[in-house]
Structure formats: C-alpha cells, structure tokens
Amino acid sequence: MNRLHHALAALALGVLTWPAHAADGEQWEYTGQVDAGGMKIAMPPTKTCVKAGTAPQPQMDKGCTVDNKLGPTGGTFTFKCPPPNAMDGQGEMKFGADTMSATLQAKSEGRTVLIQQSGRKTGRCNAG
C-alpha cells in the first residue's frame with residue numbers, strides 16, 4: 001500500500017505537468033482530482049509557463065515512456081513507468097485556445113487510479 005501512495009503522489013504531482021520553455025510564454029493554471037478506489041484526493045493547483053502557442057503534452061517522471069497521439073485539439077496517450085513505482089495506463093487530452101482537460105487511468109499494484117485535470121490560460125509569462 002505504501003508503494004501505491006508513492007505512485008499516487010507521483011501521478012498527482014508529476015504526471016500531468018507541462019514542460020516550461022525559455023521564451024515568451026503563456027501562464028497556465030491546472031487543478032484536478034485523483035480517485036483511488038473511491039478515495040478522492042484534490043490535487044493542489046499548479047501553474048506553469050509554456051511557449052506561446054504550444055499545446056500541452058503529457059510529462060512523466062524520469063524513466064517513464066510515453067506514446068502520444070496528440071493533434072491540434074487533443075488526443076490520446078499511453079505510458080509505462082518502471083519500478084520502484086511501476087505503473088502503466090492511458091489518457092485522453094482535449095484542449096482549446098484557453099482551456100484544457102485530461103483524464104488519465106493508471107494501474108499500479110493491481111489497483112486502478114483515475115486522474116481528472118483541467119487547466120486554463122491565465123496570462124502571459126516569461127520562463128527565461
């Protein structure tokens with residue numbers, strides 16, 4: 001169960017973060033919820049700066065592999081992470097000019113975790 005809590009923390013805080021770029025960018029704010037077998041945990045709001053016009057991409061912990069099929073308005077992705085927090089799963093993302101939503105389902109230690117996340121553009125920023 002302790003490994004599952006570590007996996008949940010990795011998912012909630014690291015799975016759906018978006019990479020920052022050193023350029024004039026757009027500030028995004030993300031919120032979400034993790035559902036682990038009926039136990040719902042609110043994800044703390046996070047903010048990031050991305051290169052202007054860049055669509056969000058799933059970003060995983062080091063060692064995880066991601067295969068995404070994302071287009072201009074969204075798409076799907078699959079991922080697999082090695083031990084010690086081994087997990088695998090799939091997700092779907094949808095995004096518009098100022099909003100995004102993502103749903104991710106991960107399996108770890110025989111348990112399924114559902115993450116739902118939404119984001120909105122909040123202004124301009126400089127990640128450099």
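- Residue Tyr30 is tested with Met43, Met100, Arg120 for a side chain to side chain contact (heavy atoms under 4.5 Å, CB included); the sole match is Met100.
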Criterion side-chain contact (heavy atoms from CB on, under 4.5 Å) on Asp67 and Thr65, from CA distance to verdict: CA-CA 7 Å; Asp67 180 25; Thr65 57; over 6 Å; no
Could you check Gln27 against Arg124 for side-chain contact (heavy atoms from CB on, under 4.5 Å), going step by step and ending with a plain yes or no? CA-CA 5 Å; Gln27 182 77 41; Arg124 311 260 332 139; over 6 Å; no
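- Separation of atoms NZ (Lys47) and OG1 (Thr122) is listed at 5.5 Å; rounding is to 0.5 Å.
- Atoms NZ and SG, on Lys51 and Cys125 in that order, are 13.0 Å from each other to the nearest 0.5 Å.
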Quick one: do Ile115 and Thr103 satisfy side-chain contact (heavy atoms from CB on, under 4.5 Å)? Show the steps, please. CA-CA 6 Å; Ile115 297 174; Thr103 301; over 6 Å; no
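- Although no hydrogens or angles enter the test, the distance criterion places no donor-acceptor pair under 3.5 Å between the side chain of Lys80 and the main chain of Cys64.
- Side-chain contact between Lys69 and Phe77 is absent, with no heavy-atom pair separated by less than 4.5 Å.
- Within the 3.5 Å criterion, the main-chain N or O of Lys107 finds no donor-acceptor partner in the side chain of Thr112.
- One finds the CG atom of Asn68 at 8.5 Å from the OG1 atom of Thr78 (value rounded to the nearest 0.5 Å).
- Between Leu114 atom CG and Leu104 atom CG the span is 8.0 Å, to the nearest 0.5 Å.
- In terms of the side chain to side chain donor-acceptor pair (under 3.5 Å) criterion, Glu92 has no residue partners (sequence neighbours excluded).
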What verdict does the side-chain contact (heavy atoms from CB on, under 4.5 Å) test give for Thr31 and Ser118, after you've listed the backbone C-alpha separation in whole Å, the side-chain angles of each residue and the deciding distance to 0.1 Å? CA-CA 6 Å; Thr31 58; Ser118 62; 3.4 Å; yes
